[in-house]
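Please find one structure pasted underneath; my questions will follow.
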Amino acid sequence: MPELPEVETVKRTLELKILNWEIKKVHVYYENIMPDGNKVNLEGEKITALERVGKFLIFKLTNYVIVSHMRMEGRFFLKEDIEPKSKHEHVKITFTNHLSLRYVDTRKFGRLLIKTHDNYLDTPPLSEVAKEPKDIDPKEFHELLKRRQRAIKPTLLDQGIIAGLGNIYVDETLFIAKVLPTRESNLVTLDETKKILKAAADVLAKATKLGGTTIYTYESSEGVTGRFQNELLVHTKEGEPCPICGTPIEKIKVGGRGTYVCFKCQK
DNA sequence: ACCACCTCCTGATCGC
DNA sequence: TGCGATCAGGAGGTGG
């Protein structure tokens, strides 16, 4: 499940290869993933840059922009164009060099949206993406939290409030900040808000440095696997001793999401 | 403005 | 053993 570090890893991996490649043909095998893929002609477009906004990966082309989100299981692979389509491959972008970029997504939740340079930042989904933890002012964020009644975990998962965190890194962030995921957002103190933002920024930076987290079925792309799963403190650690106090980590549900927590360390 | 709930999907796992 | 039911989950849409 790509969160910010995984998307950044995919971006860095791909941009070493596909910059300046020229598109020859786009095949869309499942329309919902790339609704405009068969309507807009991308032939002759070159990849001019890759960007990332929150968990979105952006391919900048000569005239167009592809805004992609891999959701849980989306992956990109580069292959010889003659290689046959794999089982869950839904989009194939063929280049004039006879290589092709394949979008593979078991659950078909991901999206590749075609935008223009003029509108891609000012229209959904990117227009709705908030700042990343490292760029958020703690006092401003605390004021925002005061207006929210719901649990802090679903608040931190809301990309319109804070960008980049998913289920894995939220659990890690709240454990490091010593705040229970069920705590009402408006009851989080300014001091705790500062700790949450710092923990989130640190966790994302460290995970990015290690190439993200390889977990369940997810690989970033190109067979690149991250190493942050070895650094996880609580996520997936049900029944194991808390690394701080030794109390067994519990798995609970918060806002419908599987959540790992130490009830002694987190208040 | 805020928020709970539903939807999209498939593979893994559960229950009978 | 086999098969239907249930679950997981990021974010957009809906409706209270």
Side-chain angles (χ1 to χ4, degrees), chain A residues 1-8 10 28-36 52-58 67-76 85-91 103-115 120 122-133 140-174 181-188 200 204 207 212-220 229 232 235-238 251-261:
Chain A
M1 51 195 74
E3 303 178 35
L4 188 154
E6 289 74 31
V7 179
E8 181 65 26
V10 173
V28 179
Y29 307 112
Y30 188 80
E31 195 107 359
N32 287 353
I33 300 242
M34 194 177 193
D36 297 324
R52 181 187 57 73
V53 173
K55 304 183 204 171
F56 290 86
L57 176 63
I58 296 142
V67 175
S68 77
H69 197 302
M70 295 177 272
R71 288 298 210 279
M72 272 96 64
E73 300 192 25
R75 304 188 217 172
F76 288 100
K85 169 178 151 350
S86 64
K87 185 174 179 188
H88 297 292
E89 181 178 317
H90 306 303
V91 176
Y103 180 71
V104 177
D105 186 344
T106 308
R107 291 188 188 166
K108 299 180 176 169
F109 273 14
R111 293 291 178 267
L112 280 77
L113 306 174
I114 300 178
K115 300 273 184 178
Y120 81 104
D122 303 330
T123 56
L126 295 189
S127 60
E128 307 305 311
V129 178
K131 286 193 271 193
E132 296 178 12
E140 251 173 60
F141 196 62
H142 186 235
E143 291 303 314
L144 188 155
L145 291 182
K146 282 184 188 172
R147 301 196 297 269
R148 311 273 164 162
Q149 308 286 319
R150 69 174 160 175
I152 186 66
K153 174 163 177 173
T155 299
L156 296 177
L157 286 172
D158 188 332
Q159 302 301 300
I161 293 173
I162 180 169
L165 297 171
N167 207 32
I168 298 173
Y169 298 120
V170 163
D171 284 358
E172 298 296 297
T173 293
L174 288 170
T182 48
R183 178 97 69 81
E184 295 91 329
S185 302
N186 58 322
L187 299 183
V188 174
L204 292 177
T213 299
T214 304
I215 196 171
Y216 311 125
T217 58
Y218 180 73
E219 297 171 31
S220 57
Q229 64 275 14
L232 292 174
H235 195 83
T236 71
K237 304 293 184 186
E238 182 180 15
K251 184 178 184 182
I252 60 173
K253 281 259 187 193
V254 182
R257 299 288 182 260
T259 300
Y260 298 85
V261 61

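The figures here come from the full heavy-atom set of this structure, side chains too, leaving out hydrogens, waters and symmetry mates. So that the names make sense, note that chain A is the first sequence line, chain B the second, and so on, each numbered from 1.
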B/dC8 OP1/OP2 closer than 4.0 Å to side-chain N/O of A/Arg71 = no
B/dC2 phosphate, OP1 or OP2: any side-chain N/O from A/Arg147 under 4.0 angstrom?
-> yes
A/Lys55 has its side chain closest, among B/dC2, C/dA11, B/dT10, to C/dA11
Would you mind reporting whether A/Tyr103 and A/Ser68 have side-chain heavy atoms less than 4.5 Å apart?
-> no
Earlier contact from the 5' end, DNA chain B, for A/Arg257 and A/Thr155 = A/Thr155
If only atom types and distance count, is the side chain of A/Thr182 paired as donor or acceptor with the main-chain N or O of A/Ala151 below 3.5 Å?
-> no
Counting N and O atoms only, with roles assigned by atom type, does the side chain of A/His69 sit under 3.5 Å from a partner on the main chain of A/Val67, one being a donor and the other an acceptor?
-> no
Could you give the CG-to-P distance, from A/Leu126 to C/dG12, as a whole number of Å?
-> 10 Å
Would you say the side chain of A/Arg107 and the base of C/dA8 hold a donor-acceptor pair, judged only by whether the two atoms sit under 3.5 Å apart?
-> yes
Donor-acceptor pair, A/Lys55 side chain versus A/Leu165 backbone, under 3.5 Å?
-> yes
Presence of A/Lys253 side-chain N/O under 4.0 Å of C/dC7 phosphate oxygens OP1/OP2 = no
Would you say C/dG9 has OP1 or OP2 under 4.0 Å from some side-chain N or O of A/Lys153?
-> no
Using a cut-off of 4.0 Å on non-hydrogen atoms, how would the nucleic acid contact of A/Pro154 be classed: base, sugar-phosphate, or nothing?
-> nothing
A/Leu112 CG to C/dA11 P, straight-line distance once rounded to whole Å = 15 Å
Are the side chain of A/Lys251 and the backbone of A/Lys237 linked by a donor-acceptor contact shorter than 3.5 Å?
-> no
Rounded to whole angstroms, how far apart are NE2 on A/His90 and P on B/dT10?
-> 8 Å
Please work out if A/Asn32 contacts a base, only the sugar-phosphate, or nothing of the nucleic acid, heavy-atom cut-off 4.0 Å.
-> sugar-phosphate
Using 30° and 60° as the class limits, which term best fits the ring planes of A/His235 and A/Tyr260: parallel, tilted or perpendicular?
-> perpendicular
OP1 or OP2 of B/dT10 under 4.0 Å from side-chain N/O of A/Lys108 = yes
Among C/dA8, C/dG10, B/dC2, which is the nearest nucleotide to the side chain of A/Arg148?
-> B/dC2
Expressed in angstrom and rounded to an integer, what is the separation of A/Leu4 atom CG from C/dA11 atom P?
-> 11 Å
Among C/dG9, B/dC9, C/dA8, which is the nearest nucleotide to the side chain of A/Tyr30?
-> B/dC9
A/Gln149, nearest nucleotide to its side chain (from B/dC2, C/dG12, B/dC3) | B/dC3
Between atom CG in A/Leu157 and atom P in B/dA4, what is the gap in whole Å?
-> 13 Å
Atom pair distance, as rounded to whole Å: CD in A/Glu73 and C1' in B/dC8 = 13 Å
Report the distance from atom CG of A/Asn167 to atom P of C/dC7, rounded to the nearest whole Å.
-> 17 Å
Does C/dA11 have OP1 or OP2 sitting under 4.0 Å from an N or O in the side chain of A/His69?
-> yes
Using a cut-off of 4.0 Å on non-hydrogen atoms, how would the nucleic acid contact of A/Glu128 be classed: base, sugar-phosphate, or nothing?
-> nothing
Within the structure shown, what part of the strands sits under 4.0 Å from A/Gly258 by heavy-atom distance: base, sugar-phosphate, or nothing?
-> sugar-phosphate
Please give, in whole Å, the distance from C/dC7 C1' to A/Phe109 CZ?
-> 12 Å
